[in-house]
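Contents: one structure, followed by commentary.
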2 protein chains.
Amino acid sequence: MEGNVAQRGLPMLEPVRHERADAARNRATILAAAEALVAEHGAQCVTMDQVARAAGVGKGTLFRHFGDRCGLMRALLDERERGLQEGFIRGPAPLGPGAPARERLIAFGERMLEHIEVQGDLLVAAENGAPGERLRHSVYAAYRAHVTALLGESDYEGDVDYLADVLLGTLVSELVLFQRRERGMSQAQLKHCWGELVRTMLPDG
Amino acid sequence: MEGNVAQRGLPMLEPVRHERADAARNRATILAAAEALVAEHGAQCVTMDQVARAAGVGKGTLFRHFGDRCGLMRALLDERERGLQEGFIRGPAPLGPGAPARERLIAFGERMLEHIEVQGDLLVAAENGAPGERLRHSVYAAYRAHVTALLGESDYEGDVDYLADVLLGTLVSELVLFQRRERGMSQAQLKHCWGELVRTMLPDG
DNA sequence: GAATTATGCGGACTGTGGTCCGGATAGAGC
DNA sequence: GCTCTATCCGGACCACAGTCCGCATAATTC
């Protein structure tokens with residue numbers, strides 16, 4: 001697990017002893033097997049036993065590497081999620097720096113909606129853990145920090161931390177998928193509504 | 001289960017055959033047992049087997065009456081939740097009719113925050129079901145209809161259905177409990193932020 | 001390359017939510 | 001009261017997430 005933490009770029013106090021070669025091999029095998037199974041059956045329908053069997057690995061190995069089901073799903077999302085964050089932090093405007101905060105925020109939401117469009121079921125599976133776990137997790141913290149920073153740049157006068165939670169609540173994958181699939185809203189509509197929402201909250205720039 | 005539906009006041013096409021006496025007795029016994037267990041151990045720590053044993057009833061009975069764990073939790077919340085809805089619909093202003101839409105909306109959120117304060121864990125347990133189930137459920141639909149109606153009364157120009165989801169997303173018990181317990185926000189702070197949020201979205205009355 | 005140790009492995013095991021179905025029984029009709 | 005049937009009951013059963021621990025082995029040290 002520590003090896004994994006190191007790979008994810010999370011803070012660490014001292015060099016983590018590198019993972020044993022067989023462990024690294026197993027992690028890769030598991031991820032590949034899980035990815036294939038998810039692609040074939042959908043994230044909701046893949047069981048941990050299936051993944052273990054497909055990877056030719058014991059269940060214990062699976063859980064030691066990824067902690068729990070959500071951890072495995074997050075690991076599958078990890079690469080693409082890091083790509084997202086790159087775009088927010090260092091990518092071209094309006095997503096990245098260079099545009100006014102309001103435009104960046106709108107672009108952020110639109111990007112997230114696209115992400116949900118593609119990774120929806122996986123996101124739901126990854127967020128579907130113990131109560132509050134989603135909010136405690138570093139991915140949420142990163143998004144929140146980004147939104148909070150943008151709100152701080154703007155001339156919004158209220159509590160930016162609170163508003164960040166409000167805005168991110170709008171982009172919860174469970175909700176967005178519901179709006180898309182069961183309320184029949186198009187992605188364009190959702191993007192438009194998001195834009196209007198942000199414009200209403202941040203009237204100028 | 002149909003008997004339950006009738007009790008809850010949901011739409012029904014024709015008179016539901018009344019529930020057998022033993023079934024009604026069992027439902028009451030189960031609810032009493034569940035309430036006691038939840039009061040003692042907290043909703044998260046109560047298992048369905050425990051409830052069945054405490055009620056002196058088979059597991060099958062439990063699940064036939066309440067569908068699943070969330071259903072049982074919802075049933076425990078039911079009475080108080082109906083009280084809430086009464087207050088919104090027919091209670092005194094500013095919660096009920098008589099006040100301007102914006103004031104009613106603010107009062108609505110404050111009332112919900114108080115509800116979460118008291119029933120938090122039970123609410124989380126009740127919402128913690130299959131993905132999207134929460135949103136599909138009639139309780140959410142009722143809240144949403146109420147908020148949508150209030151927004152419709154106001155002079156808000158955007159998509160009121162979308163805004164209703166946004167506002168209700170702010171009042172998700174998982175999020176509120178996180179803000180209260182792990183972010184150290186007071187209830188007064190949350191109420192204040194909610195009020196500011198609504199005032200920002202609906203600048204005039 | 002032998003000995004030692006930390007790390008990883010596997011799969012049996014547990015706890016829990018949820019299903020199923022043979023048997024019991026309340027209530028209706030007589 | 002007797003019969004009949006729709007409804008309900010109970011608990012054995014299943015699926016799945018997650019744990020545990022004795023065994024295997026990669027890495028390290030000499």
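What you see is a predicted model; the values in this text were computed from it and never measured. Values below: all heavy atoms of this structure, side chains included; hydrogens, waters and symmetry mates excluded. Just so it is clear: chains get the letters A, B, ... in the order the sequence lines come, proteins before strands, and each one is counted from 1.
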Item to check | Partner set under ring pair (Phe, Tyr, Trp, His ring centres under 6.0 Å) for B/His146, not counting sequence neighbours | outcome: B/Phe88, B/Phe108
Checklist entry - A/Glu81: what forms a side chain to side chain donor-acceptor pair (under 3.5 Å) with it, not counting sequence neighbours? => result A/Tyr143
Checklist entry - How would you list all residue pairs meeting salt bridge (Lys or Arg N to Asp or Glu O under 4.0 Å) that involve residues 30-47 of chain B, not counting sequence neighbours? => result B/Glu35-B/Arg80
Using atom names, set out every protein N or O paired with an N or O of nucleotides 14-16 of chain D below 3.5 Å, distance rounded to 0.1 Å.
none

Checklist outcome for this item: Taken in chain and number order and not counting sequence neighbours, the residues that satisfy salt bridge (charged side-chain N to carboxylate O under 4.0 Å, His left out) with A/Asp159 are none
Identify each donor-acceptor pair in which a side-chain atom of residues 116-135 of chain B lies under 3.5 Å from a protein atom, sequence neighbours left out, and give them as a table.
from     : atom 1 : to       : atom 2 : distance (Å)
B/Glu117 : OE1    : B/Arg180 : NE     : 3.0
B/Glu117 : OE2    : B/Arg180 : NE     : 3.3
B/Glu117 : OE2    : B/Arg180 : NH2    : 2.6
B/Asp121 : OD1    : B/Arg181 : NH1    : 3.3
B/Glu127 : OE1    : B/Ser173 : OG     : 2.9
B/Glu133 : OE1    : B/Ala130 : N      : 3.4

Next on the checklist: Applying side chain to side chain donor-acceptor pair (under 3.5 Å), can you list everything that pairs with B/Glu114, at least two apart in sequence or on another chain?
Outcome noted: B/Lys191
Give me, pair by pair, the N or O atoms of the protein and of nucleotides 27-30 of chain D that are less than 3.5 Å apart, along with how far apart they are.
from   : atom 1 : to      : atom 2 : distance (Å)
D/dA27 : OP1    : A/Ala21 : N      : 3.0

Next on the checklist: According to salt bridge (charged side-chain N to carboxylate O under 4.0 Å, His left out), who are the partners of B/Asp68, at least two apart in sequence or on a separate chain?
Outcome noted: none
Item to check | Within residues 122-132 of chain B, residues whose heavy atoms come under 4.0 Å of DNA chain D | outcome: none
Checklist entry - Mind checking what makes side chain to side chain donor-acceptor pair (under 3.5 Å) contact with A/Glu182, not counting sequence neighbours? => result B/Arg136
Let me have the donor-acceptor pairs involving side chains of residues 52-61 of chain B, under 3.5 Å, with sequence neighbours excluded, atom names and distances please.
none

